[in-house]
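Beneath this line is the structure, given in structure tokens, with notes to follow.
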Amino acid sequence: MQHHLLDPSAPLLSRLAELGQPAWRAKAVRRWLYGSRASSFADMTDLPKTLREALEAEFTLWTTTIATHSRAEDGTEKLLLELHDRQRIECVMLRDGERRTVCISSQVGCAMGCVFCASGIDGVVRNLTTGEILEQLLRLARLLPATERISHIVVMGMGEPLANLDRLLPALAVAQDPEGMGISQRRITISTVGLPAGMERLVEENPGYHLAVSLHAAGDDLRTKLVPVNKSIGLAAVMDAADRYWEASGRRLTFEYVLLGGVNDSPLHARELVRLIGGRAALVNIIPYNSVAGLPWREPSQGSRERFLDVLREAGVNVQVRRRKGARIDAACGQLRRIAAGTKPSPAGDEASDQAATGSIDSPMAIEPLAPGGAP
Ligand code: SAH
């Protein structure tokens, strides 16, 4: 079997040595892949031709195929990638002014069980490898013209990143390599359901990333209903770990809060959230809910959303509403994978997302499938 070139365990250096090649060739290969977006060894024109052929026979660059490529009118593009074992994951390119933000997955499925989220409905299947995480970045980078580069990474796709740090951190290290993608750590956000052990590990090893902690409720009873993993953790431990991360990183923390109509969106909930945030120098990111086919949760009415935001703003909380992007291509991660696997979107779900798209900052978007079943 061929080695995945993007996996740190791929024996590129030892093969180069066996072939009598200098070690710096490995660096040249990386530069080609991450800096110059080569798609095969054949593109690496400054490597000797015989070497290119030898490497081509033993290392594969692409282990995924593009099952679906959709594009929304606002420039959001989403790839559904099929992995070597036929599992599917999603990753997204978001365009906003000069920003080119990619949203990547860390696992196939998710074990956290958040009741409103599409990714965890069927539990977790497996961790992604470092190579599979990097392959998402390479695939997405290749959607951009040569004059543009990925500027930001958010690990907010499928899966719980802190449950797969062993494979995620090496991939993010490669993304930062100045000779490759050169994405500064400050522009990389890891979003977590709030696993204190993982947060602690980041404090110890690498507190330079921007951390976003998904709260969704400011009291333990409701949070445990929405985010079942909270049962054995509790908000106090999540907030403690967040504070330690903040002390270690000096970066502003972000707390995410998905607003679910009639569930966690009353002024009372907002006041509870104000109390929980207290005097922390934090940003609260309010996420409009993206309806998921087959799930009963709905986006809140505009009125309750405004009232919720008013309470936060009046209390001096730094709050931001996440702009809806790519709603019509089901860019909320985990959704496309399910639809592709045969779950039909419910009519109610369609209506809700139509309303949401019209009522949000971005215009409604059209789905434009590209290259279905496309080759690498
Ligand atoms: N496991 C990580 C990453 C999940 S995705 C975490 O929990 O943070 C990033 C954010 O999107 C999380 O806050 C998640 O709760 C939220 N989310 C999941 N499904 C959503 C949906 N259908 N609509 C809006 N936000 C959703």
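Every number for a ligand or one of its atoms is a count from 1 in the order of the listing. We number each residue from 1, following the sequence as shown.
- Taking every heavy atom of Cys117 and a limit of under 4.0 angstrom, the matching atoms of ligand 1 come to 18 (C), 19 (N).
- Side chains of Leu235 and Leu215 form a contact here, defined as non-hydrogen atoms less than 4.5 Å apart.
- Distances below 4.0 Å separate heavy atoms of Val292 from the following atoms of ligand 1: 22 (N).
- Counting heavy atoms under 4.0 Å from ligand 1, residue Asn290 touches it through both backbone and side chain.
- Between the choices Leu215, Ile287, Val229, Asn285, the shortest heavy-atom distance to atom 11 (O) of ligand 1 belongs to Ile287.
- Between His269 and Leu222, some side-chain heavy-atom pair lies under the 4.5 Å cut-off.
- Ring geometry for His3 versus Phe59: interplanar angle of 30 to 60°, hence tilted.
- The proximity of Val258 to ligand 1, defined as any non-hydrogen pair under 4.0 Å, is limited to the side chain.
- Distances below 4.0 Å separate heavy atoms of Thr192 from the following atoms of ligand 1: 6 (C), 7 (O), 8 (O).
- Pro288 counts as a contact of ligand 1, since one of its heavy atoms falls under 4.0 Å from the ligand.
- Criterion: ILVMFWY side-chain heavy atoms under 4.5 Å apart, direct or through other members. Under it, Phe116 and Val124 are not part of a common hydrophobic cluster.
- Note on ring orientation: taking the six-membered ring where Trp is involved, the planes of Tyr257 and Phe308 are tilted (angle from 30° to 60°).
- Residue-environment remark: CZ (Arg126) exceeds the threshold of 12 foreign heavy atoms within 6.0 Å.
- Of all atoms in ligand 1, numbered sequentially from 1 with element shown, those under 4.0 Å from a heavy atom of Ser214 are 6 (C), 7 (O), 8 (O), 12 (C), 13 (O).
- For His216, every heavy-atom contact with ligand 1 shorter than 4.0 Å involves the side chain, none the backbone.
- Ligand 1 lies within reach of Gly159, whose nearest heavy atom is under 4.0 Å from it.
- By the rule that hydrophobic residues join a cluster once side-chain heavy atoms approach within less than 4.5 Å of another member, Trp62 and Leu5 end up as members of one cluster.
- Heavy-atom contacts of Met156 reach the following atoms of ligand 1: 5 (S), 9 (C) (cutoff under 4.0 Å).
- Every residue meeting the side-chain hydrogen bond (donor to acceptor under 3.5 Å, both in side chains) condition with Glu205, not counting sequence neighbours, appears here in chain and number order: Arg201.
- Here Cys110 has no heavy atoms under 4.0 Å from ligand 1, in either its backbone or its side chain.
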Could you go through Glu256 and Arg322, starting from their C-alpha distance and side-chain angles, then the distance that decides it, and tell me whether this counts as salt bridge (Lys or Arg N to Asp or Glu O under 4.0 Å)? CA-CA 9 Å; Glu256 295 164 281; Arg322 183 172 301 166; 3.0 Å; yes
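- Within the structure, the closest approach of Glu160 to ligand 1 falls below 4.0 Å when heavy atoms are considered.
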